[in-house]
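A quick write-up on the structure given underneath.
Quick note on labels: first sequence line is chain A, next is B, and so on, each numbered from 1.
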There are 2 protein chains.
Amino acid sequence: MQMDERKRKILRAIVQDYIATAEPVGSRTIARKFDLGVSPATIRNEMADLEELGFIEQPYTSAGRIPSDAGYRYFVDCLMGAQTLSDEDKEIIERESTKKICEIQEVVSQTSRLLSELTSLTSLVLGPQKGKSAFGKMHFLPYQPGQVIMVIVKENGVVENHIVDVGDNLTAEDLQKVADVFNQKMKGYSLSQVKRSMLHEIYSELSRQRHLIDNALEMLDAILDGSEEDEPIYLGGTLNMLNQPEFRDLDKVKSLFKVFEENEPLKKLLLPRQEGLNVTIGGENTLKEFRDCSVISATYKVNGKTIGAVGVLGPTRMDYGKVIAIVDFMTKSLTEVLARGKPRGYK
Amino acid sequence: MQMDERKRKILRAIVQDYIATAEPVGSRTIARKFDLGVSPATIRNEMADLEELGFIEQPYTSAGRIPSDAGYRYFVDCLMGAQTLSDEDKEIIERESTKKICEIQEVVSQTSRLLSELTSLTSLVLGPQKGKSAFGKMHFLPYQPGQVIMVIVKENGVVENHIVDVGDNLTAEDLQKVADVFNQKMKGYSLSQVKRSMLHEIYSELSRQRHLIDNALEMLDAILDGSEEDEPIYLGGTLNMLNQPEFRDLDKVKSLFKVFEENEPLKKLLLPRQEGLNVTIGGENTLKEFRDCSVISATYKVNGKTIGAVGVLGPTRMDYGKVIAIVDFMTKSLTEVLARGKPRGYK
DNA sequence: TGTTAGCACTCTCCTCTAATGAGTGCTAAC
DNA sequence: GTTAGCACTCATTAGAGGAGAGTGCTAACA
């Protein structure tokens, strides 16, 4: 059996109506709401075919039909057509993107908030990967007797500071020397790349300040590498999920929100199998908590390099056209903002 | 009518049983579970009295009784007796508190996590108030052409850094001069305290660097004062609320979680009417979302000065004895940790 | 051969009713 | 003052019946 034009029209009608109403769609409804020029009986026949093809299913005998995952997939891939963004939404995004921002975190959280607001769904934003940042420059500043402020400028421009305990017997010159050696030897390397030999050199050059070096290395370790693993994902509008009829069930809500508290599953959800825009529908997600959910995600870039991703999570019964348009435009806007504003924090 | 010993025993039994089962308590149940040496009929008579006194109420005619807010209040104030902490919990808290921590934020989030874990309720932790911190010292470090890193050491020891745009024509000496003037004039003042005259002085002394000063002041404003308003409250174990039978209702959950997203109401909930430990029961909370909730909160100190608060939020039907013991011990442990470890970030 | 009207059938959802059971208040006896 | 007994109340549950939506099938029609 083949899909013909009428089947496509009917499938599209079913998906659209189900997205709008969350109720199983009957042949009569389609005949009434969509002007297909055929009777409900004909539509019924076609629906039987569509069911056989696996695009729709019945919750129970003699209920209307709802789209299957495959049905949504076919809809997204073949039926949806060009996604248009409403002028209103477009304007809102553009207005936001012209705001001046200096911290990368602000950009990310703003993006997250905006996404969930525009879609009335839950947004996921993965900020620029800090992990790969390398050592740039080190400064020491006076703080208190026995302690100094160690300021680390990473190669990606992020500045961090930590208090380091030093002995009482270190002079400003000693510290300057330590900084000089570090700056010279380590520029451009992350700590994990620092060879033993390099450390050895530093140690031997600065044998007097061994205590300080140990402390400094510990701090550096945390700054340069520690953050790699648990890059947080910004969640927005989680409560929107509670408005979805598919989450009327409290146990479902509980297990969903539990997953929200973890990072790894969300990252898996967000990170695309390929560059650009991805649509993951229902069971295509591996996690059972998301079996009834779809994710629209997309990566964004700086200098042609992919550095993060944004996504929207909602029930499979979501307005794919609208959400895809929003996510798409948002990543483009984000890429633009990052290229223009150059806030600190991305590589 | 007066409370006598038997009435007290019965009220205590009702509260304890209701806390344990979440079911209205009948006279028969009390006679069976608690050995009061009287028959259900007698207990019924006493319960009628307790109801008249306002300590218990009936959800509907011929259901068992549940404690009213006043009943819980009487229980907490007069019936509960000394709260003992289980050795197990004590050990857990002590083990946590010996861990080395260097950032105040870690302490706060650890505390929050621990509280919600031990109580299976929701924890609220208000970190040390940063607001009152004053200007301590300013440093400039080279960053990129046209930009410098402004490092601000606040009087409470917190170090923050920001990138500031400067013109191309500023030398290191110029910057040093700016820093010197700021350090000299502003030490110990928060920006809101800076008199116009003082600013005038700075301006006239540094007329050449006006552009830099404007930028610096803007940053300082954010650092010194901006954080005062929206000191975040750390929430832990919000999902625990979903396990409480009183939150079976999805609408209730929705409105509760909505409040969780705001800061102001939570702060109101947490900030005590008096120093030390506070118990706020049911309707004593002003917000309608918390009408069925109680809050056990307590302040913690450093150097004898109250600087923050922790609290536990749960249904009015909570195990007051246990929770009070935990919160009490926790604040003491926290006070101790802060006094000993002196992590940065408190005043 | 494709389309349509008609019709019996299925299954959910809602409502109504009756039975159950927990718990009370009252009364009278101890 | 305490208790046993009893009638009464009311939430909860299960079951029955009806309404309604929607289907699949059949037969007639173009």
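One interatomic measurement links the two molecules: CG of A:Asp49 to P of C:dT3, which rounds to 11 Å at whole-angstrom precision. Atom pair B:Leu50:CG and C:dG25:C1' shows a separation of 16 Å (rounding to whole Å applied). Atom CZ of A:Arg6 and atom C1' of C:dG2 are 8 Å apart (whole Å). The CD1 atom of B:Ile10 sits 13 Å away from the C1' atom of D:dG1 (whole-angstrom rounding). Atom pair A:Glu57:CD and D:dT23:C1' shows a separation of 16 Å (rounding to whole Å applied).
Annotation: proximity of residues 38-48 of chain A to DNA chain D (heavy atom, distance under 4.0 Å) is found for A:Arg44, A:Met47, numbered in ascending order. Residues of residues 61-71 of chain A having a heavy atom closer than 4.0 Å to DNA chain C, listed by number: A:Thr61, A:Ser62. Listed by residue number, there are no residues of residues 14-33 of chain B with a heavy-atom contact under 4.0 Å to DNA chain D.
There is no side-chain donor-acceptor pair under 3.5 Å between A:Arg113 and A:Tyr234. Side-chain contact annotation: A:Thr122 with A:Thr238, donor-acceptor N/O pair under 3.5 Å absent. At a cut-off of 3.5 Å, with distance as the only test, no side-chain donor of B:Asn285 or B:Lys268 sits close to an acceptor on the other residue.
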Discussion item. Dot-bracket, 5' to 3', for DNA chain C please: Watson-Crick or G-U pairs under 3.5 Å, [ ] where pairs cross earlier ones, | where the partner sits on another strand, dots elsewhere.
Written reply: ||||||||||||||||||||||||||||||

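Under the 3.5 Å distance criterion, the side-chain polar atoms of A:Thr331 are matched with a main-chain donor or acceptor of A:Val327. Between the side chain of A:Thr316 and the backbone N or O of A:Ile281 there is no donor-acceptor pair closer than 3.5 Å.
For residues 76-85 of chain A, the pairs satisfying side-chain hydrogen bond (donor to acceptor under 3.5 Å, both in side chains) are A:Arg73-A:Asp77, with sequence neighbours left out.
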Please report, to 0.1 Å, the donor-acceptor pairs under 3.5 Å made by any side chain of residues 51-67 of chain A, with sequence neighbours excluded.
from	atom 1	to	atom 2	distance (Å)
A:Glu51	OE1	A:Arg65	NE	2.8
A:Glu51	OE1	A:Arg65	NH2	2.8
A:Gln58	NE2	A:Ala63	O	3.1

Output a table of donor-acceptor pairs, distance under 3.5 Å, between side-chain atoms of residues 27-35 of chain B and any protein atom two or more places apart or on a different chain; print 'none' if there are none.
from	atom 1	to	atom 2	distance (Å)
B:Ser27	OG	B:Arg44	NH1	3.3
B:Lys33	NZ	B:Asp17	OD1	2.8

Measure all distances between protein nitrogen or oxygen atoms and nitrogen or oxygen atoms of nucleotides 11-19 of chain D, and list the pairs falling under 3.5 Å.
none

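Qualifying ring pair (Phe, Tyr, Trp, His ring centres under 6.0 Å) partners for B:Phe75, counting only residues two or more places apart in sequence or in other chains: none. Applying the ring pair (Phe, Tyr, Trp, His ring centres under 6.0 Å) criterion to A:Tyr320, with sequence neighbours excluded, gives A:Tyr72. A search for ring pair (Phe, Tyr, Trp, His ring centres under 6.0 Å) contacts involving B:Phe329 returns nothing, not counting sequence neighbours. Partners of A:Phe247 under the ring pair (Phe, Tyr, Trp, His ring centres under 6.0 Å) rule, at least two apart in sequence or in another chain, do not exist in this structure.
Within a 6.0 Å sphere centred on NZ of A:Lys258, heavy atoms belonging to other residues, nucleotides or ligands number 12 at most.
Ion pairing between B:Arg8 and B:Glu5 holds under the 4.0 Å rule for side-chain N and carboxylate O. Using a cut-off of 4.0 Å between Lys/Arg side-chain N and Asp/Glu carboxylate O, B:Arg317 and B:Asp292 are scored as not salt-bridged.
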